[in-house]
Amino acid sequence: MDYRPQELDRKWQQHWASSRAFEVSADSSRPKFYCLEMFAYPSGHAHVGHVRNYIIGDVVARTKRMRGYNVLHPFGWDAFGLPAENAAIQSGIHPDVSTRGNIAHMKGQLQRLGISYAWERELATCDPEYYKWNQWLFIRMFERGLAYRRRSSVNWCPSCSTVLANEQVVDGGCWRCGTPVEMRDLEQWFFRITAFADDLLDATVSLTGWPEKVLTMQRNWIGRSEGARVRFPIEGEAAVQVEVFTTRIDTIYGATFVLLAPEHPLVSGLAAKSKDPVSFRQQVQAFRAQDRAARISGEIEKQGFDTGFRAINPFTHEPVPIWIANFVLGEYGTGAVMAVPAHDQRDFEFARKFNLPIRVVVTPEGRPARADRMTEAAEAYGTLVNSGEYSGLGSNEAQKRMIATAKQRGIGEGTAQYRLKDWGISRQRYWGTPIPMIYCEKDGIVPVPDEQLPVELPKLARFSGRGDSPLAQVPEFVNVRCPKCAGPARRETDTMDTFVDSSWYFYRFADPRNNTMPFDPAAVKYWLPVDFYSGGVEHAILHLIYSRFFARVFRDLGLVDHSEPFTQLLTQGMVLKDGVVMSKSKGNVVDPDTMLQKFGADALRLYVMFVAPPEKEVEWTDTGLEGSFRFLARVWRLLDRWRETIGGEGIGSPDTCESLNAAERALRRKTHDTIRRVTIDIEQRRQFNTAVSAMMELVNELYAFGERTATGPPGRRAEQDAGHVGEMERRETICVVREALEALIRLLAPFAPHTAEEMWEILGHGASFAAVTWPTYDAVVARAEEIVVPVQINGRVRSRLTVSAEASEQDLERLALADPAIRSYTTGKTVKKIVVAKGPLVSLVVR
RNA sequence: GCGAAAGUGGCGGAACUGGCAGACGCGCCAGACUUAGGAUCUGGUACCCGAAAGGGUAUGGGGGUUCGAGUCCCUCCUUUCGCACCA
């Protein structure tokens with residue numbers, strides 16, 4: 001009977017579907033496990049790179065199910081987004097149509113892989129039943145001031161013709177297409193994620209199940225820095241002050257000038273009053289026109305000019321010049337800095353270039369540096385000098401006292417600054433959630449009443465790809481009555497960033513058909529947080545920080561009782577082909593369906609899990625896949641060779657067999673040790689490749705065992721008279737082999753579920769794996785009876801002792817010294833030291 | 001520039017708390033069974049010397065701690081990733 005996986009795939013997939021094997025409901029009497037893979041953008045075809053993630057999740061989900069957990073393992077579609085809309089501009093096919101077609105195809109691919117999803121909970125974010133709750137939530141956030149509208153300078157991608165959030169700008173370009181981002185002044189909707197900056201930052205220490213790398217990225221992104229704001233009056237301008245942010249208030253006696261960003265709000269006022277307003281404005285314009293990416297990255301030279309105005313250092317009361325500099329960022333802190341050239345490298349370079357004074361006010365070890373001899377700024381903390389009453393204090397102490405003084409005198413206060421900005425969510429595109437807001441001349445901004453939700457996307461007839469906000473060109477959509485005064489009003493025509501959709505879909509899975517709330521809090525209380533979440537690292541800050549933000553919003557709305565939605569996070573590596581990431585444009589995608597037709601779902605699943613640990617990038621090889629197929633066929637032949645022998649009734653467990661011979665005991669030991677290793681590898685180490693190799697070892701052992709038995713190994717079965725097998729084996733052999741095979745099949749089930757189900761059935765078991773329990777091991781049986789102990793002399797292995805596992809340290813020492821090979825090294829010399837290490841291992845120092 | 005992770009046979013990788021480096025797989029070599037083998041089974045496969053027994057050298061380079069280092073420490077090199085004038 002040959003191994004024909006394609007038939008098994010079909011048979012068991014049908015069986016799982018018709019028996020609703022993976023559908024679940026909340027059950028407080030059982031422990032729950034929520035296993036989730038990042039949902040998919042329905043691009044049309046999943047390649048093996050995408051599919052790796054789903055297989056990882058499926059192995060975890062299936063294992064947990066066998067271990068008695070009530071497992072929620074859902075899937076859905078991140079179905080809004082630009083590619084579908086751009087395709088519509090090209091092809092004229094409506095995004096709704098193409099998206100649904102893509103979803104149907106990809107769903108089929110996942111089903112053919114045998115991923116154990118609870119498909120009845122499937123959702124797509126482009127369904128009004130889903131995005132209605134985006135709108136509902138938006139309004140709740142608006143009511144609480146967490147969603148607000150403001151005019152500001154925003155990132156604009158000219159290619160996608162839409163605004164981008166800061167998180168979506170990578171190296172100065174659009175995260176999706178790489179086009180350099182431009183700045184535009186626009187009225188936009190923002191989510192006040194900065195209100196949770198401290199919470200999001202501080203809680204990272206509680207995320208012990210996350211990779212440290214991702215946490216570091218999030219901490220850097222939030223970018224909290226402690227410091228102070230200090231206000232500098234302007235000489236002769238009583239009405240205005242320059243407020244600066246500094247993390248080094250201890251160096252304020254060394255502040256010899258003040259720098260403003262070209263975007264600083266005071267700049268235009270100063271220009272007007274300056275001696276030469278025309279040239280002033282020209283220089284500011286020149287700075288602002290500089291390439292933003294280059295300006296921020298420090299690639300261009302530091303430039304600046306003197307405004308002619310002077311600020312009064314509130315600590316020294318000295319007047320210092322105010323300059324405008326191209327490297328000062330308008331959007332960070334106050335957009336103005338006090339420049340301390342002696343103790344800040346950037347200020348140092350600027351002072352040297354423009355001959356501005358440098359004054360040393362902090363010294364690390366007693367003797368102050370000479371300003372005229374410095375080659376770089378002295379940024380280290382130390383003891384203050386030339387700082388009036390603060391001289392002699394350490395930097396830390398000085399900071400505390402200076403902040404207290406500033407506060408007392410009303411010239412400043414201690415604060416923290418963040419690099420995290422509020423999340424701009426308006427998108428000038430069609431294929432997204434309409435923002436449920438109405439603008440009325442009389443009543444201003446008015447939310448759409450809850451009972452009118454959802455605000456549905458109108459069907460667009462044409463996609464031109466030109467101009468802003470396609471919805472603005474649909475009069476029936478734009479023109480509405482004001483919900484308050486019933487007067488004429490117009491709708492918001494921007495749509496939401498699709499990252500809004502993906503920030504809470506994992507809650508909706510707990511209760512996906514609810515039509516009165518986003519979800520029932522009780523359902524979420526049972527299922528959430530997600531116990532195991534896996535996806536690509538590319539979401540380390542985008543999706544994962546937005547989701548943590550949404551969890552806090554739901555928490556503050558009283559809908560959930562936790563703050564962190566994902567307990568354990570696994571960031572899986574990409575699958576490469578020919579050394580590069582698979583992509584349609586590179587023409588190097590490996591289509592899972594082709595592989596399925598050749599080798600079946602289980603070989604593909606097994607290969608993907610075996611090739612490397614899940615976090616690592618892997619290079620796809622066809623021969624590796626064939627190897628996995630061969631392994632499964634090898635297991636299949638093993639079962640074929642033993643099925644009639646061990647299938648009979650009335651055969652007890654090996655525990656009841658008293659007289660196992662050495663080979664049988666060794667096989668039992670291997671069986672139990674394999675269960676131990678596979679269980680730990682899957683459940684604790686999440687290192688699936690070594691779990692697979694442990695199973696391969698067991699299979700090799702079973703082949704070797706078969707070699708020694710009456711009927712011979714599986715490969716020779718063809719030459720045996722099949723009618724006679726079975727009667728020739730010892731009862732003990734049958735017990736031990738059956739135990740080994742039944743364990744193997746169950747361990748294999750999460751990786752190769754179709755094959756395992758079939759083999760389980762062949763062995764005469766009725767129940768499908770949804771109901772089968774994970775094998776357990778006996779630690780005593782798993783331990784070897786006899787062990788080989790290496791003996792080292794001066795660090796080199798010179799002999800090996802075969803001893804009982806119970807041998808004591810003294811026994812080992814004695815046996816080592818008595819060993820002939822060892823004696824040839826010790827005779828005539830002194831044994832200076834003997835170490836018996838756990839392991840065990842004996843190490844002798846001989847001189 | 002700063003920070004993090006990593007560097008192991010021809011290849012993917014293993015080695016859990018410092019204890020036999022190279023598990024398992026791919027590839028390759030040989031044998032068996034065969035009309036045949038690109039099926040299957042068995043054996044071999046880090047490198048160097050040696051007919052063999054055996055010996056020596058090996059985890060990016062150099063140094064150190066230790067009875068013992070792929071693993072810990074220092075230093076340098078390379079690769080990948082993240083951050084990059086954030087005051």
Side-chain angles (χ1 to χ4, degrees), chain A residues 2 171 211-214 216-217 219-221 223-225 227 244-248 251 259 261 294-300 302 325-329 331-340 343-347 349-350 379 417-419 537 540-541 606-607 610-613 615-628 630-631 633-634 637 677 680-681 684-685 687 689-697 699-700 703-704 706-707 712-719 788-797 800 832-846:
Chain A
D2 287 342
D171 292 332
E212 199 52 44
K213 175 187 166 152
V214 173
T216 305
M217 285 168 71
R219 287 178 192 128
N220 290 340
W221 188 258
R224 181 187 158 98
S225 65
V244 302
F245 174 75
T246 178
T247 55
R248 293 297 303 275
T251 64
L259 296 171
R295 229 183 97 189
I296 291 176
S297 69
E299 279 159 19
I300 57 174
K302 290 183 175 47
N326 63 340
F327 68 93
V328 178
L329 306 172
E331 69 268 22
Y332 183 78
T334 61
V337 299
M338 64 177 210
V340 184
H343 304 292
D344 181 284
Q345 185 60 25
R346 297 155 300 184
D347 299 343
E349 287 166 24
F350 195 81
E379 296 188 336
Q417 279 300 322
Y418 302 86
R419 304 170 79 164
V537 240
I541 34 191
L606 194 75
Y607 167 63
F610 176 60
V611 69
E615 299 84 0
K616 273 203 73 143
E617 277 185 351
V618 296
E619 172 73 25
W620 175 269
T621 60
D622 286 349
T623 49
L625 175 60
E626 284 166 34
S628 291
R630 275 205 293 270
F631 170 71
R634 199 165 142 86
R637 282 192 298 275
R677 285 169 61 189
I680 291 170
D681 282 349
Q684 289 165 36
R685 304 207 303 150
Q687 193 162 313
N689 54 330
T690 49
V692 176
S693 72
M695 289 186 267
M696 289 172 166
E697 284 184 43
V699 170
N700 290 344
Y703 269 75
E707 184 89 350
R716 309 242 173 95
R717 190 176 183 277
E719 297 82 55
V788 175
V789 180
V791 182
Q792 295 182 339
I793 296 208
N794 297 337
R796 289 165 191 280
V797 178
R800 289 166 212 281
K832 293 229 165 200
K833 193 170 177 181
I834 304 185
V835 179
V836 180
K838 61 196 180 309
L841 168 148
V842 181
S843 180
L844 308 184
V845 185
V846 176

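Chain identifiers are assigned alphabetically (A, B, ...) following the order of the sequence lines, protein sequences preceding nucleic acid strands; residue numbering begins at 1 within each chain. If you're wondering where the values come from, they're calculated on a predicted model, not measured in any experiment.
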Undergrad: Look at all strands and tell whether A/E697 reaches a base, only sugar-phosphate, or nothing, counting heavy atoms closer than 4.0 Å.
TA: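 Contact class for A/E697: sugar-phosphate only.
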Undergrad: Below 3.5 Å is the cut-off: list the nitrogen or oxygen pairs between protein and nucleotides 14-17 of chain B, distance only.
TA:
| from | atom 1 | to | atom 2 | distance (Å) |
| --- | --- | --- | --- | --- |
| B/A14 | OP1 | A/N689 | ND2 | 3.2 |
| B/A15 | OP1 | A/R685 | NH1 | 3.1 |
| B/A15 | OP1 | A/R685 | NH2 | 3.0 |
| B/A15 | OP1 | A/Q687 | NE2 | 3.4 |

Undergrad: Whether the side chain of A/Y607 engages the backbone of A/D622 through a donor-acceptor N/O pair (distance < 3.5 Å, no angle test) should be reported.
TA: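 No: the side chain of A/Y607 does not pair with the backbone of A/D622.
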Undergrad: Sticking with atom P, work out how far B/G25 lies from B/G82, rounded to a whole angstrom.
TA: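 Approximately 35 Å lies between the P atom of B/G25 and that of B/G82.
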Undergrad: How do A/A633 and A/N220 order along RNA chain B: which one's closest nucleotide is nearer the 5' end?
TA: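 Counting from the 5' end, the first nearest nucleotide belongs to A/A633.
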Undergrad: Nearest heavy-atom pair of A/M338 and A/T251: which atoms, and what distance?
TA: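 Looking at all heavy atoms of both residues, the shortest contact is CE-OG1, 3.8 Å.
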Undergrad: Rounded to whole Å, how long is the line connecting atom NZ of A/K213 with atom C1' of B/U80?
TA: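 Nearest whole value for this atom pair: 8 Å.
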Undergrad: Tell me: CD1 of A/I541 to P of B/C81, nearest whole Å?
TA: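 Computing the A/I541:CD1 to B/C81:P distance gives 15 Å.
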Undergrad: Using the side-chain heavy atoms of A/T246, tell me which of these nucleotides is nearest: B/C26, B/A87, B/U42.
TA: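 Per side-chain heavy atoms of A/T246, the pick is B/A87.
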Undergrad: Looking only at atom types and distance, does a side-chain atom of A/E379 sit under 3.5 Å from a main-chain N or O of A/Q345, one as donor and one as acceptor?
TA: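 Yes: the side chain of A/E379 pairs with the backbone of A/Q345.
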Undergrad: Which part of the nucleic acid, if any, lies within reach of A/G333 when heavy atoms closer than 4.0 Å are counted: base, sugar-phosphate only, or nothing?
TA: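 No contact.
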Undergrad: For A/V244 versus A/T334, what's the shortest heavy-atom pair and its separation?
TA: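 Shortest heavy-atom contact: CA-OG1, 3.4 Å.
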Undergrad: Expressed in angstrom and rounded to an integer, what is the separation of A/R219 atom CZ from B/G3 atom P?
TA: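 Those two atoms, CZ and P, are 17 Å apart.
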Undergrad: A/R224 CZ to B/A87 C1': how many Å, rounded?
TA: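 That distance rounds to 17 Å.
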Undergrad: Write down the partner of B/U35 under the Watson-Crick or G-U wobble criteria, each distance required to be under 3.5 Å.
TA: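 When the pairing criteria are applied, nothing turns out to pair with B/U35, so the answer is none.
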Undergrad: Rounded to whole angstrom, note down the C1' distance from B/G43 over to B/G56.
TA: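 These two C1' atoms come out 26 Å apart once rounded.
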Undergrad: With a 6.0 Å cut-off on the ring centroids, do A/F631 and A/F610 count as close?
TA: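 No, too far apart.
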Undergrad: Looking for any heavy atom pair under 4.0 Å, which part of the strands does A/S225 touch: base, sugar-phosphate only, or nothing?
TA: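 It contacts sugar-phosphate atoms only.
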Undergrad: Identify the nucleotide, in any strand shown, that forms a Watson-Crick or G-U wobble pair with B/G68, with both distances under 3.5 Å; if there is none, say none.
TA: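 Paired with no nucleotide.
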Undergrad: How far does the C1' atom of B/C72 sit from the matching atom of B/U66, given to the nearest Å?
TA: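 Nearest-Å result for B/C72 against B/U66 at atom C1': 10 Å.
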Undergrad: For B/U42, which nucleotide is its Watson-Crick or G-U wobble mate, given both distances must be under 3.5 Å?
TA: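 Matched B/U42 with B/A30 under the 3.5 Å cut-off.
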Undergrad: Pairing check on B/A51: which nucleotide meets the Watson-Crick or G-U wobble criteria with it, both distances under 3.5 Å?
TA: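 When the pairing criteria are applied, nothing turns out to pair with B/A51, so the answer is none.
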Undergrad: Please determine, for B/C16, whether a Watson-Crick or G-U wobble partner exists with both distances under 3.5 Å, and give it or none.
TA: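 By the stated definition (distances under 3.5 Å), nothing pairs with B/C16.
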Undergrad: Tell me, with the steps shown, if A/V835 and A/Q792 meet side-chain contact (heavy atoms from CB on, under 4.5 Å).
TA: CA-CA 10 Å; A/V835 179; A/Q792 295 182 339; over 6 Å; no
Undergrad: Search all heavy atoms of A/F350 against all heavy atoms of A/K302 and return the closest pair with its distance.
TA: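 Smallest interatomic distance, heavy atoms only, reads CD1-CB, 4.2 Å.
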Undergrad: Using atom C1' of each nucleotide, how far apart are B/A51 and B/G38 to the nearest Å?
TA: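 It works out to 36 Å between them.
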Undergrad: Expressed in whole Å, how much space separates the C1' atoms belonging to B/U71 and B/G60?
TA: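 To the nearest whole Å, 16 Å.
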Undergrad: A/W620 has an atom CH2; how far is it from atom P of B/G12, in whole Å?
TA: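 For the pair A/W620 CH2 and B/G12 P, the rounded distance is 17 Å.
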Undergrad: Kindly write out the residues that satisfy side-chain contact (heavy atoms from CB on, under 4.5 Å) with A/V846, not counting sequence neighbours, or none if the list is empty.
TA: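 A/V846 satisfies side-chain contact (heavy atoms from CB on, under 4.5 Å) with A/I793, A/N794, A/T826, A/K829, A/V831, A/L844 once adjacent residues are dropped.
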Undergrad: Any strand is fair game: report the nucleotide pairing with B/A58 by Watson-Crick or G-U wobble, both distances under 3.5 Å, or none.
TA: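 WC or wobble partner does not exist here.
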Undergrad: If you compare all heavy atoms of A/M217 against all heavy atoms of A/A540, which two are closest, and at what distance to 0.1 Å?
TA: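 Minimum heavy-atom contact is CE-CB, 3.6 Å.
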Undergrad: Just how far, in rounded Å, is C1' of B/C26 from CD of A/E626?
TA: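 Roughly 10 Å, once rounded to whole Å.
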Undergrad: Say you pick atom P in B/C11 and the same atom in B/C48; how far apart are they, in whole Å?
TA: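 It works out to 15 Å between them.
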Undergrad: Counting heavy atoms from C-beta on, name the nucleotide in B/A87, B/G27, B/U42 closest to the side chain of A/Y703.
TA: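 So the nucleotide nearest the side chain must be B/U42.
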Undergrad: What interatomic distance, in whole Å, is found between C1' of B/G1 and the corresponding atom of B/G68?
TA: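 Those two atoms are separated by 40 Å.
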Undergrad: For B/G55, does OP1 or OP2 lie under 4.0 Å from any side-chain N or O of A/R796?
TA: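 Looking at the OP1 and OP2 atoms of B/G55, neither is under 4.0 Å from any side-chain N or O of A/R796.
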Undergrad: What is the distance from CE of A/M696 to C1' of B/C24, rounded to the nearest Å?
TA: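 That distance rounds to 7 Å.
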Undergrad: Could you check which nucleotide pairs with B/C2 in any of the strands shown, counting Watson-Crick or G-U wobble with both distances under 3.5 Å?
TA: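 B/G82 - that is the nucleotide pairing with B/C2, both distances being under 3.5 Å.
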Undergrad: Quickly work out the A/I793 CD1 to B/G68 P distance and round it to whole Å.
TA: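 That distance rounds to 14 Å.
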Undergrad: Heavy atoms only, 4.0 Å cut-off, all strands: where does A/V788 land among base, sugar-phosphate and nothing?
TA: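 Base contact - A/V788 has a heavy atom under 4.0 Å of at least one base atom.
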Undergrad: Here's a test of your reading of the structure: between A/A336 and A/T621, which maps to the more 5' nucleotide of RNA chain B?
TA: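 By nearest-heavy-atom nucleotide position, the 5'-most residue is A/T621.
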Undergrad: Output all residues satisfying salt bridge (Lys or Arg N to Asp or Glu O under 4.0 Å) with A/D347, sequence neighbours left out; order by chain, then residue number.
TA: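 Testing A/D347 for salt bridge (Lys or Arg N to Asp or Glu O under 4.0 Å), a comparison that skips the adjacent residues, returns none.
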Undergrad: Can you check whether A/N700 has a side-chain N or O nearer than 4.0 Å to OP1 or OP2 of B/A23?
TA: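 No, no such contact exists.
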Undergrad: Kindly give the heavy-atom pair with the smallest separation between A/T690 and A/S693, and that separation in Å.
TA: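 Result for this residue pair: O-OG, 3.0 Å.
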Undergrad: So, OP1 or OP2 of B/C67: does either fall under 4.0 Å of a side-chain N or O from A/K833?
TA: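 It does, given that an N or O in the side chain of A/K833 lies less than 4.0 Å from OP1 or OP2 of B/C67.
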Undergrad: Is the base of B/C67 touched by the side chain of A/S843 through a donor-acceptor pair closer than 3.5 angstrom?
TA: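 By the distance-only test, yes, there is a pair.
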Undergrad: If the cut-off is 4.0 Å, is A/Y607 near the phosphate of B/G25, judged by side-chain N/O to OP1 or OP2?
TA: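 Checking A/Y607 against B/G25: no side-chain N or O falls below 4.0 Å of OP1 or OP2.
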Undergrad: Restricting to side-chain hydrogen bond (donor to acceptor under 3.5 Å, both in side chains), what partner residues turn up for A/E697, sequence neighbours left out?
TA: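 side-chain hydrogen bond (donor to acceptor under 3.5 Å, both in side chains) check on A/E697 returns A/K670, A/R677.
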Undergrad: Of all residues at least two apart in sequence or in a different chain, which pass the salt bridge (Lys or Arg N to Asp or Glu O under 4.0 Å) check with A/R419?
TA: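 Partners of A/R419 by the salt bridge (Lys or Arg N to Asp or Glu O under 4.0 Å) criterion come out as none, since no residue qualifies.
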Undergrad: Enumerate all atom pairs, one protein N or O and one N or O from nucleotides 36-39 of chain B, separated by less than 3.5 Å.
TA:
none

Undergrad: What's the gap between B/G9 and B/G22 when it is taken at their C1' atoms, as a whole Å value?
TA: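 Per the computed distance, 7 Å lies between those C1' atoms.
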Undergrad: Taking O4'-C1'-N9-C4 for purines and O4'-C1'-N1-C2 for pyrimidines, is B/G9 syn (within 90° of 0) or anti?
TA: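 Nucleotide B/G9 adopts syn.
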